[in-house]
Number of protein chains: 2
Amino acid sequence: MPTIDDIARLAQVAPSTLSKVLNHRPHVSRETRARVEQVIAATGFVPSQRARRLIAGRSFILGLLIPYTSDQLFTDPHLLEIMRGIEAEANEREYNLLLSTARTSLDAASALVRLLRSDVIDGAIVVETHDVRPFAETLQQRPAPWVVIGYAPPGMVPSVHADDFGGALAATRHLLDLGHRRLGVISSLPRPFALDERLRGINAALAEAGLRLDEHLVATGDFSPASGERAAHCLLDQPDPPTAIFALNDRMAAGALRAAASRGLRIPEDLSVVGFDDIALASLLLPPLTTVRQSGYRLGRTAASIFFQCLDGQAPETPAIIPTELVARGSSGPAPPRRCAERGFPRAP
Amino acid sequence: MPTIDDIARLAQVAPSTLSKVLNHRPHVSRETRARVEQVIAATGFVPSQRARRLIAGRSFILGLLIPYTSDQLFTDPHLLEIMRGIEAEANEREYNLLLSTARTSLDAASALVRLLRSDVIDGAIVVETHDVRPFAETLQQRPAPWVVIGYAPPGMVPSVHADDFGGALAATRHLLDLGHRRLGVISSLPRPFALDERLRGINAALAEAGLRLDEHLVATGDFSPASGERAAHCLLDQPDPPTAIFALNDRMAAGALRAAASRGLRIPEDLSVVGFDDIALASLLLPPLTTVRQSGYRLGRTAASIFFQCLDGQAPETPAIIPTELVARGSSGPAPPRRCAERGFPRAP
DNA sequence: CTACGATGCCTACCATTGACGATATTGCGC
DNA sequence: GCGCAATATCGTCAATGGTAGGCATCGTAG
């Protein structure tokens with residue numbers, strides 16, 4: 001409620017002098033500064049952001065856009081971690097965070113344009129798991145700094161994503177080290193870029209071992225546990241079924257565990273299952289799920305950092321890649337001996 | 001970038017006339033209005049919220065405060081649902097949502113005061129599972145409309161909470177109907193108000209059946225799965241162990257399932273387990289967890305609705321209670337026959 | 001011809017900032 | 001020691017973009 005004029009009158013200076021003190025700018029004598037600071041402290045005065053924003057031509061607000069249906073890749077807990085990361089970085093720059101969710105990616109894009117047009121936000125961070133090109137096109141109506149958490153065509157927009165390739169590579173190597181040679185994969189259709197990368201990682205690891213991914217052993221789901229269960233049954237019904245299943249997200253991996261249980265398969269003795277994401281659920285399953293962890297916090301924090309670089313007129317080297325980490329738990333173990341023997345591979349210890 | 005002046009010049013009217021059209025106010029002829037609206041549509045002009053906020057003396061921004069460590073009661077997915085609910089309601093009022101997280105409740109309170117002082121937000125919704133009194137005290141420095149999602153002393157601040165009492169009542173009745181007479185409970189210390197209510201519900205249901213809660217059968221955890229596992233072992237180590245365990249949140253229930261598995265107990269044949277919250281995990285456990293569902297979306301939406309009532313100067317009847325719903329899944333079943341027979345109760349079908 | 005209503009323009013205002021100008025103080029040279 | 005100039009300090013004023021109320025103008029009707 002109190003304005004700069006009120007406080008200025010109290011401190012017996014002009015509003016502009018008060019402003020100088022508030023912004024730590026020179027041309028104020030030490031005594032005046034001290035007196036004014038005392039009054040500010042006593043009244044707890046904080047200048048109105050409304051007026052400050054008007055004059056600054058900026059809003060000091062960073063938009064966070066979440067098209068929440070796209071798919072379940074970015075499961076909820078992950079998103080909250082991302083938010084925390086963004087907020088941590090934004091706080092340091094005295095920026096606030098504005099949340100905007102939308103049903104579809106296109107809704108999100110037009111919401112973003114509207115927020116930019118009306119000067120509510122200075123730019124945005126967009127969580128997107130699919131193609132960002134329609135998004136970028138809509139945004140050309142009102143260019144502004146924005147950063148994608150996800151995959152984007154090079155040069156289109158700064159982006160941050162997890163090291164999906166490396167994570168899948170590590171997980172596949174882990175299974176290979178355990179003696180598995182026949183690997184089933186549960187992917188999805190349509191396939192977000194992140195899953196392409198994970199598949200690339202799998203293929204790279206297999207190639208290292210002189211193997212190739214049998215296309216009959218790639219089943220598809222829709223990220224849901226139920227679809228993972230169906231896909232796992234599909235894989236296990238094959239004439240020469242896999243000894244390990246790599247589900248490209250944890251929720252489908254949970255479904256795979258359930259499929260195995262319903263068939264009386266022991267895990268990991270009869271079948272190894274590996275997931276991706278390390279959602280909270282992963283460590284709670286029976287057995288606890290071996291999976292690939294990605295840090296939402298770092299993802300968010302890095303995205304915000306890049307955003308502010310853009311705001312400062314810099315052009316950061318674009319795809320920042322956040323490392324992932326293999327978390328080996330109880331759901332993965334040595335390949336079943338018979339199968340190994342059949343193929344003449346040594347059994348892992 | 002274009003201002004109301006630019007657009008006014010384009011439409012060949014004065015800025016003030018354009019403003020009238022924008023705000024659907026009278027004293028503009030139909031033809032002028034049509035012409036101006038056409039120009040607005042053609043240019044896609046949206047008035048600057050910055051200037052509008054300054055003149056309106058409001059920010060049209062609703063703060064959402066989340067002290068994220070308090071405990072794990074409000075698990076992450078739940079929070080996202082709450083946000084979606086708040087946003088849905090806020091959108092209708094053309095309000096934006098500002099996110100602020102804080103490590104502790106006190107941090108959150110001072111952050112809120114700062115946001116209010118600097119006119120960034122018009123008020124806030126606070127997600128709090130513990131005592132809101134310190135919060136309310138800090139907030140007296142700068143009174144503003146705020147709403148708590150959680151429990152608050154009557155008359156202190158408008159609040160919304162789930163029907164914890166009714167949910168626990170229904171879940172306990174469910175177990176009693178299945179023939180269980182010896183009920184173990186996994187609670188927590190310190191105990192948020194929601195858990196008090198859940199315990200009240202349990203006691204009420206037991207009282208209906210002429211029973212009382214054996215205090216030796218109340219174990220404590222800290223909301224984490226690991227603590228639930230420990231607590232379940234504790235309960236099952238008793239001389240006369242329970243036939244059913246009601247964990248007051250799903251994550252501890254997951255731990256209880258694990259404890260049962262490690263003891264070779266079959267679920268639900270040997271032991272029934274019931275949780276609370278219906279987090280995504282619940283339906284994925286083996287067996288799927290019987291639990292009590294609460295709708296985060298409705299919680300958020302109702303909180304926002306109450307907030308806007310406060311903003312409009314109304315004083316809504318304060319604790320709004322969102323219904324909960326028992327979701328019976330595979331983890332609860334008839335009480336083991338022997339135990340029932342011992343006590344002379346008929347076996348459930 | 002006057003009066004009234006409808007329409008649309010003019011201007012003050014919101015809280016803060018920053019450029020610029022005014023005032024006072026200080027230092028230096030004569 | 002006095003006067004002039006330079007500089008430090010502080011106040012005045014315009015500007016930011018949009019809104020609202022007062023006021024002028026125009027047309028029409030009595």
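Residue numbers begin at 1 in each chain, while the letters A, B, ... track the order of the sequences.
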Rounded interatomic separation in angstrom, taking CZ from B/Arg50 and P from C/dT16 = 16 Å

remark   = Heavy-atom contacts, protein to nucleotides 5-18 of chain D, under 4.0 Å, summarised as B (base), S (sugar-phosphate only) or - (none) per nt, yield ----BBBB--BBBB

request  = For B/Asn91 and B/Ala88, indicate whether the former's side chain and the latter's backbone hold a donor-acceptor pair under 3.5 Å.
outcome  = no

query = When you check the phosphate oxygens OP1 and OP2 of C/dT16, does a side-chain N or O of A/Arg53 lie under 4.0 Å from one of them?
reply = no

query = Would a distance-only check, ignoring hydrogens and angles, find a side-chain to backbone donor-acceptor pair under 3.5 Å from B/Arg53 to B/Ser59?
reply = yes

message = Nearest whole Å is fine: how far is C/dT16 C1' from A/His24 NE2?
response = 16 Å

task = Would you name the heavy atoms of B/Phe60 and B/Arg52 that are closest together and state the gap between them?
result = CE1-CG, 4.4 Å

key: Protein-nucleotide distance (B/Arg58, atom CZ; C/dA15, atom P), rounded to Å   = 16 Å

query = Among A/Arg142, A/Arg114, A/Arg58, whose salt bridge (Lys or Arg N to Asp or Glu O under 4.0 Å) with A/Asp119 holds?
reply = A/Arg142

task = Take the angle between the ring planes of B/Phe135 and B/Trp146 and call it parallel below 30°, perpendicular above 60°, tilted in between.
result = parallel

ask   = Any sub-3.5 Å donor-acceptor pair from B/Ser305's side-chain atoms to B/Arg301's backbone N or O?
value = no

